There are 2 protein chains.
Amino acid sequence: MSGTTNSTRISLRRQETISEIVAAAWDLNRANGLGNFSMRELGTKVGMRAQSIYSYFRSKNEIFDAMFCDGNLALIETMQPSSGDGSDSEDQLELIAAMMRRFFQFCTSDPVRYQLLFQRTIPDFTPSEESFAVAQQAYDISLAPLRRLGLEGSELDLITAVMAGLVGQQISNDPHGNRWGLLIDQATSMLLKELVPDHIAPLIKGNSK
Amino acid sequence: MSGTTNSTRISLRRQETISEIVAAAWDLNRANGLGNFSMRELGTKVGMRAQSIYSYFRSKNEIFDAMFCDGNLALIETMQPSSGDGSDSEDQLELIAAMMRRFFQFCTSDPVRYQLLFQRTIPDFTPSEESFAVAQQAYDISLAPLRRLGLEGSELDLITAVMAGLVGQQISNDPHGNRWGLLIDQATSMLLKELVPDHIAPLIKGNSK
DNA sequence: GTCTATAATCTGATAGAC
DNA sequence: GTCTATCAGATTATAGAC
């Protein structure tokens, strides 16, 4: 308690309540499908009347915005390089396959989060500037290892499309299995063969069809 | 009118009204986002009271089912081979690229239809057995040219994932442009290089990286 | 900061007259 | 087959007491 003023303690308590509400909102959305929750349900879940939530969020869309921000922070956490940032090319290639697997796991482990973060499916909701900036940061961090390989522009578009496709098919057509997850390594190898410049390509292990 | 009994004419009139309602439902869903329409809006759109629609559909979900069936029939129409079914391999390869472009166009030209047909996003709606059979038929017809090349199992999964990815990224991130549409030919070539058996591969034009 | 009360409106669906 | 009338709720959000 030393050095903690009264006002910061109050503010902290408030932040805790806000986090609790956001966590409950995630739960409800996961249970009912994205967007299908009511303020009443949410209030019940956190032990309040629905109306009291308006002390913390101005509107339902502001809750979506907090979820959007929260989900992107989780993505940053997941995609953040954990160990050395590897300046030798060989390690970077396995690092990319690992990154693909981590991203796939992040997305398929929480389809509702994936839907909120990557698809535009809630009518009348647009992320605030602040949340959008977090999303931008998550995007940059996720693609950094690819950029370090010299990839850019439409090359990155092809890679993100393939990843989005594997994730989307997994979620839509085999939500309890791993049918498309099994294809990640093949897809990665295929993409690198197609896109990585010739003078780097030889460094890819097993790059011979 | 010769040979048309009275009862069939009445039945035809009824079918016309049903089609009109389904068309209006598509319009509303395209305007409001998938699932966000009310029976009242729909009634107004077709010049009825909302309650009168229940003479044609038992419930709102039955309307979704009619839309699901309708959309899959449109997909069959689109993917149906138009000309000779080509038993020479060379033509089949360009036929596949053309098929990819047609599918992409079908999906991106109507994102709400894509959402209904290929993503599970409406809570409490499951296609009826009849509609599901139509969807199955559409799937088989769409993949037939790939099967004719000898592709199967996880190979088809990789191809459908790449296509779903291009479509999904286009819809979510560039709905008014063609950023991912430009990548279809490259993606197709990449996939065929990866998947088509060596004794057929030489027939692919420009198959030399 | 949480409550009660309530505004103001929308929802899908049914019953029964015509 | 379309209508009126209505059920039996749900919804987000605000006002004001405590």
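Values in this document were obtained by computation on a predicted structure and should not be read as measured data. Below, read A as the first sequence line, B as the second, and so on, with proteins coming before strands; counting in each chain starts at 1.
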| Going by the ring pair (Phe, Tyr, Trp, His ring centres under 6.0 Å) test, which pairs reach into residues 32-53 of chain B, not counting sequence neighbours? |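 Only B:Phe37-B:Phe64 qualify under ring pair (Phe, Tyr, Trp, His ring centres under 6.0 Å).
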Output side-chain donor-acceptor pairs under 3.5 Å for residues 114-122 of chain A, partner residues at least two apart or in another chain, one line each.
from     : atom 1 : to       : atom 2 : distance (Å)
A:Gln115 : NE2    : B:Thr121 : OG1    : 3.3
A:Thr121 : OG1    : B:Gln115 : NE2    : 3.2

Sequence neighbours left out, cut at 3.5 Å: what donor-acceptor pairs do the side chains of residues 40-47 of chain B make with other protein atoms?
from    : atom 1 : to      : atom 2 : distance (Å)
B:Glu41 : OE1    : B:Ser38 : N      : 3.0
B:Glu41 : OE2    : B:Asn32 : ND2    : 3.2
B:Thr44 : OG1    : B:Arg40 : O      : 3.0

Rounded to whole Å, please give me the gap between [atom1] in [X] and [atom2] in [N].
{"X": "B:Ile53", "N": "C:dT14", "atom1": "CD1", "atom2": "P", "result": "14 Å"}
{"X": "B:Arg58", "N": "C:dA13", "atom1": "CZ", "atom2": "C1'", "result": "13 Å"}
{"X": "B:Asp124", "N": "C:dG12", "atom1": "CG", "atom2": "P", "result": "13 Å"}

| query | Starting at the 5' end of DNA chain C, which residue's closest nucleotide do you reach first, A:Arg40 or A:Met48? | reply |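 The residue mapped nearer the 5' terminus is A:Met48.
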| query | Hey, which of these two, B:Glu41 or A:Gln51, hits DNA chain C nearer its 5' end, going by closest nucleotide? | reply |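 Looking at DNA chain C, the more 5' nearest nucleotide goes with A:Gln51.
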| task | Check each residue of residues 59-71 of chain A for a non-hydrogen atom within less than 4.0 Å of any atom in DNA chain D, then write out the ones that pass by number, or none. | result |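 Result for residues 59-71 of chain A: A:Ser59, A:Lys60, sorted by number.
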With sequence neighbours excluded, tell me which residues meet salt bridge (Lys or Arg N to Asp or Glu O under 4.0 Å) with [X].
{"X": "A:Asp157", "answer": "B:Arg179"}
{"X": "A:Arg101", "answer": "A:Glu94, A:Asp185"}
{"X": "A:Asp27", "answer": "A:Arg30"}

| query | Quick one: side-chain contact (heavy atoms from CB on, under 4.5 Å) partners of B:Ala74, sequence neighbours excluded? | reply | B:Phe106, B:Arg113
| Any donor-acceptor N/O pair, B:Asn29 side chain to B:Gly35 backbone, under 3.5 Å | yes
| message | Once side chain to side chain donor-acceptor pair (under 3.5 Å) is applied, what residue pairs with a partner in residues 47-63 of chain A remain, sequence neighbours excluded? | response | none
| task | Using the side chain to side chain donor-acceptor pair (under 3.5 Å) rule, collect all pairs that involve residues 17-26 of chain B, keeping only residues at least two apart or in two chains. | result | B:Arg13-B:Thr17, B:Trp26-B:Asp70
| query | Quick one: how far along DNA chain D does chain B reach, first to last nucleotide 5' to 3', anything under 4.0 Å to a heavy atom? | reply | D:dG1 to D:dT6
| Contacting residues from residues 17-39 of chain B, given that a heavy atom lies under 4.0 angstrom of DNA chain C | B:Phe37, B:Ser38, B:Met39
| Pick from A:Leu191, A:Ile96, A:Leu146: which one makes a side chain to side chain contact (heavy atoms under 4.5 Å, CB included) with A:Leu151? |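 Between A:Leu151 and the candidates, side chain to side chain contact (heavy atoms under 4.5 Å, CB included) is satisfied uniquely by A:Leu146.
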